[in-house]
Amino acid sequence: MKTVSICFVCLGNICRSPTAEAVMRAQVEAAGLSDRIAIDSAGTGDWHVGKAPDERAQRAGRTRGYDLSPLRARQVTAADFDRFDLLLAMDEANLRNLERICPGQRRERVRLLMEFAPHAAGREVVDPYFGGREGFEAVLDQVEAACEGLLAHLRTLLARP
Ligand code: 4NP
């Protein structure tokens with residue numbers, strides 16, 4: 001049976017991309033596709049490697065039923081461009097950083113997450129790290145919308161021969 005693997009990427013891997021990982025895991029599980037869609041997240045930076053997600057991201061996620069607590073930050077590696085069918089950048093800076101280290105023949109695997117939510121506000125999931133609680137709610141709103149569009153896209157990939 002065909003499978004796909006995806007990796008959400010932000011700067012620190014403690015706010016946006018772990019939120020996206022938890023949201024997508026929940027949507028994929030609800031769709032009964034956990035054995036066909038592998039999900040991970042990583043950061044372009046290395047400052048927070050090994051750490052659990054930011055407390056504020058964990059708290060905001062928990063109120064919507066997402067458990068971020070088992071996740072641990074890691075940095076993107078060259079091997080990720082081979083391992084994952086899609087690397088989903090949260091903002092334009094993450095996208096540029098990924099494209100800079102991505103081998104040429106893997107370039108089409110790197111995309112902006114918000115491309116998959118054409119009707120949602122903004123092309124970027126805005127970095128909530130230096131802001132308040134409402135920033136983490138905005139991340140959840142954007143990510144929930146984008147993951148729905150992403151899941152629909154992955155279903156078409158899985159259905160292809
Ligand atoms: P993230 O948020 O990229 O969504 O995980 C950030 C986390 C840490 C920092 C910036 C953004 N930082 O500057 O340490």
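Just so you know, ligand 1 is whichever comes first in the structure, and atom 1 is the first atom listed for that ligand. Here, residue 1 is the first one in the sequence, and each next residue gets the next number.
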Can you find a pair of side-chain heavy atoms, one from [X] and one from [Y], that are under 4.5 Å apart?
X: N13; Y: H48; answer: no
X: Y129; Y: L11; answer: no
X: F136; Y: R59; answer: no

Look only at interatomic distance and state if [X] has a nitrogen or oxygen under 3.5 Å from any nitrogen or oxygen of ligand 1.
X: G12; result: yes
X: C15; result: yes
X: S17; result: no

Problem set entry | Atoms in ligand 1 flagged as close to D127, the criterion being non-hydrogen separation under 4.0 Å | 2 (O), 6 (C), 10 (C), 11 (C)

[atom]: nearest protein contact (heavy atom, Å):
atom: atom 13 (O) of ligand 1; answer: F130 CZ, 3.8 Å
atom: atom 1 (P) of ligand 1; answer: C10 SG, 3.4 Å
atom: atom 9 (C) of ligand 1; answer: Y129 CD2, 3.5 Å
atom: atom 14 (O) of ligand 1; answer: H48 NE2, 2.9 Å

Exercise. So which bit of L11 gets within less than 4.0 Å of ligand 1, heavy atoms only: side chain, backbone, both or neither?
Worked result: both

For this session: Report the part of N13 (side chain from C-beta onward, or backbone N, CA, C, O) that has a heavy atom under 4.0 Å from ligand 1; answer both or neither where that applies.
Result: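 Looking at N13 and ligand 1, just backbone atoms fall under 4.0 Å.
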
Exercise. Is there a donor-acceptor contact under 3.5 Å linking the side chains of N94 and D91?
Worked result: yes

Determine, for [X] against [Y], whether the closest basic-nitrogen to carboxylate-oxygen distance falls under 4.0 angstrom.
X: R25; Y: E29; result: no
X: R64; Y: D141; result: yes
X: D80; Y: R74; result: yes

Problem set entry | M90 touching ligand 1 at heavy-atom level, < 4.0 angstrom |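 Distance cut 4.0 Å: M90 fails for ligand 1.
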
Exercise. Taking everything shown except R133 itself, do over 12 heavy atoms lie less than 6.0 Å from its CZ?
Worked result: no

